[in-house]
There are 2 protein chains.
Amino acid sequence: MTRALSSPGIDRAAAFASDARGDGLAVSLVGECATTFEGRAERSLPAGVRTLLWKPDDTVLVHGATGRDPDAWASGGSVAVEATGDELFVRCDSGDAADALTVRFTAVQHAAAFDPADDDPEASGTEADLKERVLADPDIVEPGFQPRTTERETPAGPVDVYGRGRDGAVVAVELKARRVGPAAASQLERYVNALRRDLHADADVRGVLVAPEITEKARRLLAANGLSFSPVE
Amino acid sequence: MTRALSSPGIDRAAAFASDARGDGLAVSLVGECATTFEGRAERSLPAGVRTLLWKPDDTVLVHGATGRDPDAWASGGSVAVEATGDELFVRCDSGDAADALTVRFTAVQHAAAFDPADDDPEASGTEADLKERVLADPDIVEPGFQPRTTERETPAGPVDVYGRGRDGAVVAVELKARRVGPAAASQLERYVNALRRDLHADADVRGVLVAPEITEKARRLLAANGLSFSPVE
DNA sequence: CGGTTCATGTCGCAC
DNA sequence: GTGCGACGTGAACCG
């Protein structure tokens, strides 16, 4: 189920990769390569030693020395390997967009193939998690807050938690699991404005942003729009 | 400069990885592993065959069968390998946050080490590129537009292009290289509001969003705020 | 399939 | 270091 080659040379590396992917395996190549990308933007990398990962879903990743994100990548299209003399080409074409990634190897030091797992993770601590907490303890939003619905639709998009305050006013709550900036404040403002426009003209609508922290610019933005922030956890 | 082992077993794999990283190399492992992450959120993966990439900057990536993004990762902290009997642990601790990733291998099929490149890419077609085009041909924004400054500071953040319209009004331009949604419209609105507040009360301030495309919701949002959209490219 | 939002987003840059 | 916005963002969810 797992195979590998050391210093396979261009031709054997190409055959190895082609065969392995034909068997539904993931392929990993290590070698000297350069990349070019054209489509949504143009980007190219000079020759250098990198690792290429070609997954069963035809995602192709090229990783260099640093960073979480690949130096080059392709996904959602078709992939072809081709050995032309002393160069190995991996050509990736995206069906819909005009995206095209080409990886040109001039040497392959190592090749490996394996059958990778595809399992869903167990997760918690996300925004959905925070929603549970707010529904279990609505006073987090404000004292006396009564939640009515989650993901209530408005013309501006869905409000995370929708309910009524102790004074009967409509309250729209936007939840963020992390420190929030101006974008989150604007998001809440869009929802509140949409509700004010949609509900009866005399309806009182408030907006509360619930998050562990907020930046200063976002705080001012909320204040300028009559919205409030409620820290959590 | 490149090394590899097939079916090294736990102990040899641990020593191999440790040595290679000590020499400043990147390490790639393929084997049966499970992961747990705790910190900004909690997330765990069941045991399965995956590939782990441990980069010279101590970024650790765990990739499964699908997707551009890793199934688990860590970066910006310290990494330690440890072999305890029949299990190999890769423990990653982030210095600042409480982030901690643990990868537990119960088998290692392949190990490879190499000295990866770290080159900056050549890029074009980005937002900076669009700015050049607008400055070269300001009529893209609106007929008679005269750019004055780029990245002009406002209390809400920097305006991409700042200038005057044919009528003498202040014009704030927000550039996007791709299809824009409500967030971009709100961003422009924040800048325009900040300018209206900062400039003389009688100053006429307009806002123009320049992008290849716009969603319907964003278009309505612009209209509701008296802002305009100008398609490009 | 398109639109919108979430993400352990990551990454770069300026203050 | 923090804040802010771009990114070939990717990925899920919902109409």
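Each chain gets a letter, A, B and so on, in the order its sequence line appears, and its residues count up from 1. Side chains included, hydrogens not; waters and symmetry mates left out as well; all remaining heavy atoms used.
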Counting side-chain heavy atoms from C-beta on, which of [options] comes nearest to [X]?
X: A/R43; options: D/dG8, C/dT4, C/dT8; value: D/dG8
X: A/Y191; options: C/dT5, C/dT10, D/dC4; value: C/dT5
X: B/D69; options: D/dG10, C/dT5, D/dG8; value: D/dG10
X: A/K217; options: D/dC4, D/dC7, D/dG5; value: D/dC4
X: A/R179; options: D/dG3, D/dG5, D/dT9; value: D/dG3
X: A/R40; options: D/dT9, C/dC6, C/dT5; value: D/dT9
X: A/L101; options: D/dG8, C/dT5, C/dG2; value: D/dG8

Heavy atoms under 4.0 Å, any strand shown: does [X] hit a base, just sugar-phosphate, or nothing?
X: A/E174; result: sugar-phosphate
X: A/R68; result: sugar-phosphate
X: B/E216; result: nothing
X: A/G125; result: nothing
X: A/A72; result: base
X: A/A98; result: nothing
X: B/A74; result: nothing
X: A/Q187; result: sugar-phosphate
X: A/A100; result: nothing

> Which residue lies toward the 5' end of DNA chain D, A/V180 or A/W73, if each is placed at its nearest nucleotide?
Replying inline: A/V180
> Which residue, A/I214 or B/D160, contacts DNA chain D at a nucleotide closer to its 5' end, judged by nearest heavy atom?
Replying inline: A/I214
Between [X] and [N], is there a side-chain N or O to OP1/OP2 distance below 4.0 Å?
X: B/T126; N: D/dG8; value: no
X: B/R178; N: D/dA6; value: no
X: B/T215; N: C/dG2; value: no

> Out of curiosity, B/D118 CG to B/D120 CG, how far, rounded to the nearest 0.5 Å?
Replying inline: 7.0 Å
